[in-house]
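The sequence lines fix the lettering, A, B, ..., with proteins before strands; numbering per chain opens at 1. Excluded from the calculations below are hydrogen atoms, water molecules and symmetry mates; all remaining heavy atoms, backbone and side chain alike, are included.
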2 protein chains.
Amino acid sequence: MPEPRSRKDAARNREAVLAAADALFGRCESPDDVTMADVAAAAQVGKGTIFRAFGDRAGLLRALYEARLEPIRKAVESGPPPLGPATPPQDRVPALLDATLCFKLDNRSLALALEESGSGSPYRAEHYERWHSMLRAVLEQIPGLPDSGFAAHVLLAATRADLVEHLAGEKHVPRETMRAQLADFTAALLASGSRRESDAGG
Amino acid sequence: MPEPRSRKDAARNREAVLAAADALFGRCESPDDVTMADVAAAAQVGKGTIFRAFGDRAGLLRALYEARLEPIRKAVESGPPPLGPATPPQDRVPALLDATLCFKLDNRSLALALEESGSGSPYRAEHYERWHSMLRAVLEQIPGLPDSGFAAHVLLAATRADLVEHLAGEKHVPRETMRAQLADFTAALLASGSRRESDAGG
DNA sequence: TGCGAAGCGGACCGCTGGTCCGTATCGTTG
DNA sequence: CAACGATACGGACCAGCGGTCCGCTTCGCA
């Protein structure tokens with residue numbers, strides 16, 4: 001393959017930057033407290049090196065985000081229930097949403113940084129498209145629901161980083177309470193489908 | 001009253017800035033195409049004047065937003081059905097959501113500007129708090145629903161400016177389609193409540 | 001060991017939101 | 001109408017950001 005393998009120092013620096021940024025975003029309060037210069041300093045690297053490796057700020061954020069999301073992506077694509085493909089749709093939808101909610105709770109600053117200063121709307125991000133079509137496909141298998149594309153957008157919007165941050169950080173809603181509320185909400189929505197189901201069935 | 005009435009020129013300039021900003025945000029593609037200097041130039045006013053009158057960028061955005069929102073606020077607080085207080089909850093919820101959706105569709109760049117660069121999360125804005133508690137109160141009157149506070153957050157998230165922008169601007173979803181999808185979604189959610197109602201009732 | 005290519009780093013740039021203060025305007029008072 | 005304090009004006013100015021550039025260093029292949 002014509003893949004131009006990167007040099008050893010380049011790879012090492014890339015990891016250093018990733019690690020430094022990870023730590024910095026994890027620690028800080030607001031995402032824009034962390035500047036590119038900060039990351040460069042923390043990684044003991046020149047600013048130019050960061051931009052060479054990631055293109056721009058959004059590129060760095062995306063790389064970090066994808067890296068952290070990787071385990072969940074795997075679990076969804078080829079893992080055991082309740083996240084994996086073998087799960088029945090009625091159970092998988094809440095599981096997917098619970099997973100994203102927990103992810104955002106565990107990576108608040110990072111998710112916030114990506115969604116808010118992420119070079120325009122979060123909806124252009126490639127990973128959003130993936131999650132959306134995944135969720136949409138699962139919803140599609142549940143009859144009696146409204147437009148599954150739109151429903152998927154709304155359900156994902158229910159786990160948006162700034163909403164999560166507002167509820168968890170500002171209003172001090174406990175983690176388990178939020179998970180329960182999201183689960184309840186989802187259940188209520190899915191119930192409207194199974195209602196017509198049971199009407200038809202008997 | 002100890003209200004320190006503002007000078008005539010100050011008031012005139014304030015209006016000029018408001019008008020200029022309104023026009024500029026209405027015309028432009030992305031909200032950050034409009035800088036403070038642009039607004040100042042368009043209003044034929046010094047930059048200092050803007051900051052004196054509105055504090056900072058977010059202040060200007062907020063003032064504009066509130067001004068445009070004013071008619072809707074009135075209609076909701078003391079207008080005729082389907083927005084006014086005399087409307088039965090089951091009809092008022094979809095009406096409120098449809099109104100916000102239409103508002104965001106009609107004021108895309110402005111809403112986008114306020115939500116994304118509005119000095120942190122849109123959830124800290126005072127008008128969000130108002131809308132949320134309003135919607136929550138109406139939802140509360142419909143029995144059988146999940147936590148109305150959370151449901152209100154989610155339903156409002158369904159009309160967020162960047163989602164609306166994505167669907168209308170990027171995916172070219174027609175206005176009426178979006179309205180219908182939102183209405184369907186809302187109906188599905190409310191149905192889960194009236195279902196337990198009818199179970200109990202007969 | 002030598003040498004081209006790849007990568008490095010931090011001074012540098014353009015641009016933004018926001019401040020500052022000498023100057024012009026207001027409107028009140030005698 | 002004149003004079004004067006208070007208020008507002010405006011644009012030069014500032015700090016800090018993301019992003020670029022290019023002389024120098026380091027890599028790794030022959």
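- Where the helix from C:dT1-D:dA30 to C:dG30-D:dC1 starts and where it ends, the local axes point in directions that differ by 0°; five pairs per end, rounded to 10°.
- Contact between B:A158 and A:F150 at its shortest, heavy atoms only, is O-CZ, 4.4 Å.
- For the pair B:N13 and D:dA8, the criterion of a side-chain N or O lying under 4.0 Å from OP1 or OP2 is not met.
- Contacts classified as side-chain hydrogen bond (donor to acceptor under 3.5 Å, both in side chains) and involving residues 151-160 of chain A (residues at least two apart or in different chains) are given here: A:Y123-A:R160, A:Y128-A:H153, A:H132-A:H153, A:R160-B:D162.
- Atom pair A:F54:CZ and C:dG7:P shows a separation of 14 Å (rounding to whole Å applied).
- For B:R130 and B:E126, the salt-bridge test passes: some basic side-chain N is under 4.0 Å from an acidic carboxylate O.
- With hydrogens and angles disregarded, no donor-acceptor distance shorter than 3.5 Å links the side chain of B:R136 to the backbone of B:W131.
- For A:D91, the side chain to side chain contact (heavy atoms under 4.5 Å, CB included) partners two or more places apart in sequence, or in a different chain, are A:T87, A:P88.
- Listed by first and then second residue, the side-chain hydrogen bond (donor to acceptor under 3.5 Å, both in side chains) pairs involving residues 37-49 of chain B are B:T35-B:D38 (not counting sequence neighbours).
- Residue B:T49 places none of its side-chain N or O atoms closer than 4.0 Å to OP1 or OP2 of D:dA8.
- Sequence neighbours left out, the pairs with a member in residues 17-36 of chain B that pass salt bridge (Lys or Arg N to Asp or Glu O under 4.0 Å) are B:D22-B:R68.
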- How does protein reach along nucleotides 17-30 of chain D, written 5' to 3' as B (base within reach of a heavy atom under 4.0 Å), S (only sugar-phosphate), or - (no contact)? SBBB-----BSS--
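- Checked against a 6.0 Å centroid threshold, the rings of B:Y65 and B:F103 count as neighbours.
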